[in-house]
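Working notes for the structure below.
In what follows, every chain begins at residue 1, and chains take the letters A, B, ... in the order their sequences are listed. This is a predicted model, so every value here is computed, not measured.
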Number of protein chains: 2
Amino acid sequence: MNVAANNRAVYPASAGEPSAGLDRLDRIGAIRHLAPHESLALEGDSANRFHRVLSGTVAGYKATADGRRQIVAFFFPGDLVGLTTGEHYAYGAEAVGRASVCSVPRARMRELSRQSPALHEDLLLALDREIAAAQERLLWLGRKTARERLACFLLECADRTGEPGEDGRQSVPLPMSQLEIGDYLGLASETVSRALASLARDGAIDILRPFAGVVIRDRRRLEATTDEGAHPPRACS
Amino acid sequence: MNVAANNRAVYPASAGEPSAGLDRLDRIGAIRHLAPHESLALEGDSANRFHRVLSGTVAGYKATADGRRQIVAFFFPGDLVGLTTGEHYAYGAEAVGRASVCSVPRARMRELSRQSPALHEDLLLALDREIAAAQERLLWLGRKTARERLACFLLECADRTGEPGEDGRQSVPLPMSQLEIGDYLGLASETVSRALASLARDGAIDILRPFAGVVIRDRRRLEATTDEGAHPPRACS
DNA sequence: CGACTGCTTGAGTCTGCTCAATAAAGGTGG
DNA sequence: CCACCTTTATTGAGCAGACTCAAGCAGTCG
C-alpha cells in the first residue's frame with residue numbers, strides 16, 4: 001500500500017507565487033468589490049465569465065432543496081473561481097467577509113489562451129488542482145472523523161495561506177466563520193467548535209481569541225491527528 | 001434559491017455516444033485485460049500513461065494509512081482514467097470485476113491533442129465533468145443521509161449505464177459489490193444493504209437476486225428520496 | 001461438493017447532530 | 001461614546017443515524 005505522501009492536497013503555487021500566465025488576466029478583467037456574503041454567481045447560472053480572486057476569500061457551494069449547504073471550495077487570492085467549459089456554473093459562489101475579484105469574459109479568455117501557451121498551461125494546471133483537491137476532500141468527508149477533518153483543514157489552510165514561522169509554530173488566519181468551516185467539512189458548527197477545542201486541549205493548536213484563526217503549536221501532532229482512526233487507537237491488521 | 005436542476009451530476013455522453021475525438025485513442029493504445037481487483041495504477045505512481053475503459057468497470061480510490069478507503073470515481077466504458085497534468089496519479093485505480101482498458105502514453109496524447117482540436121476539446125470536457133462529478137459527490141458525502149446517497153447513486157448509474165426502459169421502470173446493472181458501493185458513498189456495506197432494502201420496501205426499486213443491480217420501479221419516488229432530509233419530514237422555513 | 005466470498009439481519013455502541021441557553025464581539029445609531 | 005441589537009462562538013443534554021461486531025445464509029467457483 002502506498003499512501004505515504006498523498007493524504008493531503010498540494011497547492012504548489014496559489015497564493016505565494018502567482019504564475020506569470022495568469023497574472024495577465026488581472027489587467028484585462030473588470031474589478032469587482034464584494035461585501036460579506038455577497039453573491040458572485042448562483043449555481044446553475046449561465047457561465048459566461050469567470051473570476052480571479054484579488055483579495056479576501058470566496059466560497060463555492062452547493063445546496064440541497066431543503067437548505068443544507070456544502071461548501072465545495074474556498075478560493076484565496078490568486079485562485080480562479082468558476083472554471084468550467086460547460087454552459088452553467090456547477091456551484092454558486094459568494095464572498096466570505098469582504099473580497100475583491102477580477103472578472104474575465106470566458107470568450108476573451110479562450111482567445112487569450114489560444115495565443116499564449118503559458119496561460120493555457122496554467123489553466124490546465126488549475127483544473128487539475130481543482131480535481132485533486134475535490135477528490136482529496138471526498139476522502140475527508142467519506143472516511144474521516146470530525147477531529148481528523150479539522151486537522152486536515154488546518155494543515156491545508158496553513159499550506160495555502162499561512163504565514164511562514166518555520167520555528168514549529170505557524171499562524172493560520174481563518175477568514176471564514178465556524179459555520180462556514182462546518183459547511184466545508186460536512187459538520188455542524190457546534191462540532192467544529194468542539195473539535196477545535198479538543199485539538200487545543202491536546203496542545204496541537206492555540207485558538208486566537210476572538211476567533212480569527214489558529215496558531216499551529218505542534219505540527220507533528222496535528223499531522224498525526226490527520227489519520228488517527230475513528231475508534232480509539234486500534235491496531236492495524 | 002436555485003437548486004432545481006443541479007442536484008445530480010449530468011453525464012452527457014459517456015457510454016452511449018463516445019465522442020469522435022476520443023475514439024481515435026483506442027487505435028493507438030495498448031489493450032490490457034484486467035482480472036477482478038487487479039490494479040491499474042497506485043496512488044502516487046508516476047503518471048506517464050492514462051487509460052480508456054473499453055469494457056467492465058474501473059474504480060479510482062484513495063486510502064488512509066489505517067486502511068479506510070474512499071472510492072473517488074467509477075469509470076465505465078468510454079471513460080478516461082488517470083487524467084492529470086501532474087506528475088503523479090492522484091488516486092489508485094483497480095478493476096471491478098473483469099475489465100479491459102486501452103493505455104495511452106501521456107506524451108503521445110499531448111502530441112495528438114495539439115494536432116486535433118476535437119480531441120483537445122473532448123479532453124477539456126472530460127476534465128470538466130470529472131470536477132463537476134467530484135463536487136457533486138462532496139454534497140452527497142457531506143450533507144446527505146445513507147438513503148439519500150443511495151438514491152443519488154442509483155440515479156447516477158441509471159443515467160450513465162442503465163438500459164432505456166422508459167416505461168417507468170429501468171434496469172440498472174451494478175457490477176460492483178455493496179462493499180464497493182459503500183466505499184464510494186462513504187458508508188459501511190451493512191448500511192448499503194439496509195438502505196437498499198429500505199428503498200425496496202418503499203417500492204422505489206426492486207433488487208435483483210442474486211445481487212447484480214436493481215430495477216427502478218418508481219423513478220419519481222427515488223428522485224424524491226434524493227433530498228428528503230435527515231430528520232423526518234421537516235417543513236421548509 | 002466443500003470453502004469462500006458476499007449479502008442480510010440483529011444487537012449494542014458511539015460519533016456527531018439537534019435543541020437550547022449563555023456569553024462574547026461587532027456594528028449601528030442616537 | 002455608550003446602549004442596543006445581531007451575529008458568532010461556547011457548552012451542555014439528549015437523541016439518532018450509522019458503525020461495529022457477530023451470526024446466519026445464499027451463491028459461486030474451484
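Considering B:R147, B:R220, B:R221 as possible partners of B:D202, the one that fulfils the salt bridge (Lys or Arg N to Asp or Glu O under 4.0 Å) test is B:R147.
Side-chain contact check for A:I71 versus A:M176: every heavy-atom pair is 4.5 Å or farther apart. By the 4.5 Å heavy-atom criterion applied to side chains, A:L196 and A:L154 are counted as neighbours.
Per the geometry, CZ belonging to A:R98 stands 12 Å off C1' belonging to C:dG27, to the nearest Å. Regarding B:R149, its CZ atom lies at a distance of 12 Å from the C1' atom of D:dC19, rounded to whole Å. Residue A:L187 contributes atom CG, which lies 11 Å from atom P of C:dT18 at whole-angstrom precision. Atom pair B:L185:CG and D:dG17:C1' shows a separation of 16 Å (rounding to whole Å applied). In this structure, the CG atom of B:L141 is 12 Å from the P atom of D:dA18, given to the nearest Å. Whole-Å rounding puts the A:D183 CG to C:dC17 P distance at 11 Å. In this structure, A:R147 places its CZ atom 11 Å from P of C:dT15, rounding to the nearest Å. In this structure, A:L150 atom CG and C:dT15 atom P are separated by 16 Å, rounded to whole Å.
Side chain of A:R52 to main chain of A:C102: no donor-acceptor pair is present (N/O by atom type, distance under 3.5 Å, no hydrogens or angles). A donor-acceptor pair under 3.5 Å is formed between the side chain of B:R137 and the backbone N or O of B:V72. Panel note: side chain B:R149, backbone B:K144; a donor-acceptor pair is recorded below 3.5 Å.
A salt bridge links B:R68 with A:E148: the distance from a Lys NZ or Arg NE/NH1/NH2 to an Asp or Glu carboxylate oxygen falls below 4.0 Å.
From one end of the helix from C:dT8-D:dA23 to C:dG30-D:dC1 to the other, with five pairs defining each end axis, the axis direction shifts by 40° (rounded to 10°).
Projected onto DNA chain C by closest heavy-atom contact, A:P210 and A:A188 fall at different nucleotides, the more 5' of which corresponds to A:A188.
Residue B:S46 comes nearest to B:Y89 through the heavy atom pair O-CE1, 3.9 Å, listed as atom of the first residue, atom of the second, then distance.
A:G182 comes within 4.0 angstrom of nothing in the nucleic acid, heavy atoms only.
The side chain to side chain contact (heavy atoms under 4.5 Å, CB included) check on B:L179 picks up B:S177, B:D183, B:S189, with sequence neighbours excluded.
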Handout entry: Heavy-atom protein contacts under 4.0 Å, nucleotides 5-11 of chain C, coded B base, S sugar-phosphate only, - none
Key = --SSBBB

